[in-house]
Trainee: 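Got a structure here, written out as C-alpha cells. Questions coming.
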Amino acid sequence: MIEHSQHDGIHALRLARPPVNALNPELCRLLREAVIGAVADGARGIVLSGGPGVFSAGLDVPHLLSLEADALRDAWSGFIDAARVLAQSPVPVVAALDGHAPAGGCVLALCCDYRVMAAGDYRIGLNETQVGLVAPEGIQRLMRRVVGPHRAERLLVAGAMVDAQQALAIGLVDELAPIADVPQRAHAWLAQLLALPRKPMLATRAIARAEVIEALRPEWLDLDRFVASWTDPDTQSALRALLAKLGK
C-alpha cells in the first residue's frame with residue numbers, strides 16, 4: 001500500500017490503496033513505518049504522493065462505521081500517529097497532491113513542509129462539519145497556521161472544500177502544476193531546498209515548524225472526546241448519508 005523509491009537522497013513515498021487511498025489503520029501504520037524507515041535509511045528529504053486524481057480521500061469511513069468504541073479510538077490514534085510522524089520528520093517532506101485531498105488527506109498535507117497541488121478541478125479542505133464531525137483543536141491549529149485565523153474559521157465552520165486555484169490564492173497550497181508534473185515539481189522544490197547549507201537549514205526549519213508539532217500534542221486532540229461524539233445522532237446520520245452517497 002506504500003510504493004517507495006529514491007534518487008539522490010530524496011525518498012518518494014506513494015500511497016497506493018485504490019481506488020481513493022482511504023486511510024484505514026493498516027495504511028496509516030505503513031505510512032508511519034515508511035517515513036521512519038526512509039529517515040533511518042538516510043533520506044535527505046521525502047516526497048509524499050497519492051493519486052492520480054485523489055491524493056487521499058481521508059479516513060476510511062465505511063471501515064470506521066463498522067468498529068466498536070475501542071477499535072474506533074485505535075483507528076483514529078493510528079491516523080494521528082501517521083500525521084505526527086510527518087510533522088516531526090527531521091527532514092523536509094513535500095506533499096505532491098496529485099488529486100483531491102479532503103479531510104484526512106488535507107491533514108496529512110498540512111503536516112508537510114510544502115504542498116504542490118494538481119491544477120484544475122481538484123479540491124482540498126477540512127470538510128468535517130459537512131459529515132457531522134468537529135475537527136479537534138489541534139487540527140484547527142494546523143489550518144490556522146497556514147491560512148490565518150479568520151480565513152481558517154470560515155473554512156472550518158463551513159467544512160469548505162476549495163478548488164486548487166483558490167487553495168493557492170489563500171496559501172493552503174504553495175504551488176500548482178499539471179497533474180502529471182506534480183511529483184516532479186515537488187522533487188524540484190525539495191532539491192532546491194536541499195542545496196542550502198544543511199545544518200543551518202534544518203535548524204531554522206525545526207524552529208519554524210515547532211507549531212506543527214505542538215498542534216498534534218494529545219491535549220489539543222482529545223481523542224476520547226472525539227470518539228465519544230461519534231455516536232451523536234447528527235454525526236451518525238451525516239456519516240451514513242455519506243456512506244450511501246459513496247455506494248452510488
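Positions are given from 1 along the sequence.
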Trainee: If only atom types and distance count, is the side chain of Ser237 paired as donor or acceptor with the main-chain N or O of Pro233 below 3.5 Å?
Mentor: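 Absent.
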
Trainee: Hey, does the side chain of Arg205 reach the backbone of Asp113 with a donor-acceptor pair shorter than 3.5 angstrom?
Mentor: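 No.
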
Trainee: Whether the side chain of Glu128 engages the backbone of Gly159 through a donor-acceptor N/O pair (distance < 3.5 Å, no angle test) should be reported.
Mentor: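 A pair under 3.5 Å: no.
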
Trainee: Count the heavy atoms of every other residue, nucleotide or ligand shown that sit under 6.0 Å from CD of Glu33, and state whether that count exceeds 12.
Mentor: yes

Trainee: Indicate yes or no for a side-chain donor-acceptor contact from Asn127 to the backbone of Gln130 under 3.5 Å, with no hydrogens or angles considered.
Mentor: no

Trainee: Shortest non-hydrogen contact from Ser56 to Pro102?
Mentor: O-CD, 3.2 Å

Trainee: Tell me whether Arg14 at atom CZ has more than 12 heavy atoms from other residues, nucleotides or ligands lying less than 6.0 Å away.
Mentor: yes

Trainee: Are Ile80 and Val93 joined in one hydrophobic group, where the rule is that I, L, V, M, F, W and Y side chains link up if heavy atoms are under 4.5 Å apart?
Mentor: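 Yes, Ile80 and Val93 fall within the same hydrophobic cluster.
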
Trainee: Look only at the side chain of His100 and the backbone of Arg123, and say whether a donor-acceptor pair between them is shorter than 3.5 Å.
Mentor: yes

Trainee: Within a reach of under 6.0 Å around CD of Glu219, are more than 12 heavy atoms found that belong to other residues, nucleotides or ligands?
Mentor: yes

Trainee: So, does Arg115 use its side chain to make a donor-acceptor pair with the main chain of Ala109 at under 3.5 Å?
Mentor: yes

Trainee: Taking Ser229 for its side chain and Phe226 for its backbone only, find out whether a donor-acceptor pair lies under 3.5 Å.
Mentor: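 Confirmed, Ser229 side chain pairs with Phe226 backbone.
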
Trainee: Show the numbers, then the answer: is there a side-chain hydrogen bond (donor to acceptor under 3.5 Å, both in side chains) between Glu214 and Trp220?
Mentor: CA-CA 8 Å; Glu214 171 68 20; Trp220 298 123; 2.9 Å; yes

Trainee: Is there any ring-ring contact (aromatic ring centres under 6.0 Å, His included) pair reaching into residues 151-210, and which pairs are they, with sequence neighbours excluded?
Mentor: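 Checked against ring-ring contact (aromatic ring centres under 6.0 Å, His included) - neighbours excluded - the pairs reaching residues 151-210 are Tyr114-Trp189.
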
Trainee: In Å and rounded to the nearest 0.5 Å, what is the CD to CD1 distance from Gln6 to Ile46?
Mentor: 11.0 Å

Trainee: Judged by atom type as modelled, is there a donor-acceptor pair below 3.5 Å linking the side chain of Asp98 to the main-chain atoms of Gly50?
Mentor: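 Answer holds: yes.
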
Trainee: If we ignore hydrogens and angles and just use 3.5 Å, is the side chain of Asp60 paired with the main-chain N or O of Ala22 as donor and acceptor?
Mentor: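 It does not hold such a pair.
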
Trainee: Is the shortest side-chain N to carboxylate O distance from Asp70 to Arg73 below 4.0 Å?
Mentor: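 Salt bridge flag = no for Arg73 with Asp70.
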
Trainee: Would a 4.5 Å heavy-atom cut-off, applied to side chains only, mark Glu211 and Arg141 as touching?
Mentor: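 Side-chain contact under 4.5 Å: no.
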
Trainee: Can you name the closest pair of heavy atoms from Gly105 and Leu23 and give their distance?
Mentor: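 Smallest heavy-atom distance, with atoms named: N-CD1, 4.4 Å.
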
Trainee: Who are the side-chain hydrogen bond (donor to acceptor under 3.5 Å, both in side chains) partners of Arg209, not counting sequence neighbours?
Mentor: none

Trainee: Do Leu64 and Leu27 land in one hydrophobic cluster if side-chain heavy atoms of ILVMFWY residues count as linked below 4.5 Å?
Mentor: yes

Trainee: Please name the pair of heavy atoms, one in Val147 and one in Gly171, separated by the smallest distance, quoted to 0.1 Å.
Mentor: CG1-C, 4.4 Å

Trainee: Could you check Val91 against Val39 for side chain to side chain contact (heavy atoms under 4.5 Å, CB included), going step by step and ending with a plain yes or no?
Mentor: CA-CA 7 Å; Val91 300; Val39 172; 4.2 Å; yes

Trainee: So among Leu48, Asn21, Ile124, which one has a side chain to side chain contact (heavy atoms under 4.5 Å, CB included) with Phe55?
Mentor: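 Only one option passes, and that is Leu48.
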
Trainee: Roughly how far, to the nearest 0.5 Å, is CG of Leu172 from CG of Leu110?
Mentor: 6.0 Å

Trainee: State, yes or no, whether a side-chain contact exists between Ile213 and Arg84 at a heavy-atom distance under 4.5 Å.
Mentor: no

Trainee: Taking all atoms of both residues into account, what is the closest heavy-atom pair of Leu202 and Pro90, and its distance?
Mentor: CD2-O, 3.6 Å

Trainee: Can Leu221 and Glu137 be said to form a side chain to side chain contact (heavy atoms under 4.5 Å, CB included), step by step?
Mentor: CA-CA 6 Å; Leu221 296 168; Glu137 167 66 14; over 6 Å; no

Trainee: Sequence neighbours excluded, which residues qualify as side-chain hydrogen bond (donor to acceptor under 3.5 Å, both in side chains) partners of Arg154?
Mentor: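 So Arg154 forms no side-chain hydrogen bond (donor to acceptor under 3.5 Å, both in side chains) with any residue.
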
Trainee: Report yes if the side chains of Leu223 and Ser77 come closer than 4.5 Å at any heavy-atom pair, otherwise no.
Mentor: yes

Trainee: Any Lys/Arg nitrogen of Glu175 or Arg185 sitting under 4.0 Å from an Asp/Glu carboxylate oxygen of the other?
Mentor: yes

Trainee: Do any N or O atoms from the side chain of Arg17 and from the backbone of Met1 form a donor-acceptor pair under 3.5 angstrom?
Mentor: no

Trainee: For a side chain to side chain contact (heavy atoms under 4.5 Å, CB included) check, start with the C-alpha distance between Leu168 and Met117, then their side-chain angles and the critical distance, and finish with the verdict.
Mentor: CA-CA 9 Å; Leu168 178 66; Met117 188 170 185; over 6 Å; no

Trainee: Would Val61 and Val20 show up in the same hydrophobic cluster when neighbours are defined by side-chain heavy atoms closer than 4.5 Å?
Mentor: no

Trainee: For the atom pair CZ (Arg144) and CD1 (Ile139), what is the distance rounded to the nearest 0.5 Å?
Mentor: 11.0 Å

Trainee: Could you check whether any side-chain heavy atom of Leu193 comes within less than 4.5 Å of a side-chain heavy atom of Met201, counting everything from C-beta outward?
Mentor: yes

Trainee: If you define the side chain from C-beta out and look only at heavy atoms, does anything of Val146 sit under 4.5 Å from Leu142?
Mentor: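 They are not in side-chain contact.
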
Trainee: Cys111 versus Leu216: any side-chain heavy-atom pair under 4.5 Å?
Mentor: yes

Trainee: Starting at CG of Asp81, measure out to CG of Leu86 and round the result to the nearest 0.5 Å.
Mentor: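 Reported to 0.5 Å precision, the distance equals 11.5 Å.
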
Trainee: Please say yes or no: joined through hydrophobic side-chain contacts below 4.5 Å, possibly via intermediate residues, are Leu133 and Met161 part of one cluster?
Mentor: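 Unlinked, Leu133 and Met161 end up in two clusters.
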
Trainee: If the plane angle is over 60° it's perpendicular, under 30° parallel, otherwise tilted; pick one for Phe79 and Trp76.
Mentor: perpendicular

Trainee: Which heavy atom in Val47 sits nearest to a heavy atom in Ala186, and how many Å separate them?
Mentor: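 Smallest interatomic distance, heavy atoms only, reads CG1-CB, 3.9 Å.
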
Trainee: If I take atom OG1 from residue Thr129 and atom CG from residue Asp234, how far apart are they, to the nearest 0.5 angstrom?
Mentor: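 Spacing of OG1 (Thr129) from CG (Asp234) equals 12.0 Å.
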
Trainee: Which heavy-atom pair separates Ala82 from Cys28 by the least distance, and what is that distance?
Mentor: CB-O, 3.7 Å

Trainee: A side-chain contact here means heavy atoms from C-beta on lying under 4.5 Å apart; do Leu126 and Val107 qualify?
Mentor: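 SC-SC contact between Leu126 and Val107 confirmed.
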
Trainee: Would a single hydrophobic cluster contain both Ile179 and Val94, if residues Ile, Leu, Val, Met, Phe, Trp and Tyr are joined by side-chain heavy-atom contacts under 4.5 Å?
Mentor: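 As far as the 4.5 Å side-chain criterion goes, Ile179 and Val94 are not connected within one cluster.
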
Trainee: With a 4.5 Å limit on heavy-atom distance, are the side chains of Val35 and Leu13 in contact?
Mentor: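 Val35 vs Leu13: side chains touch.
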
Trainee: Calculate, to the nearest 0.5 Å, the distance between atoms CG and CD1 belonging to Asp41 and Ile36 respectively.
Mentor: 13.5 Å

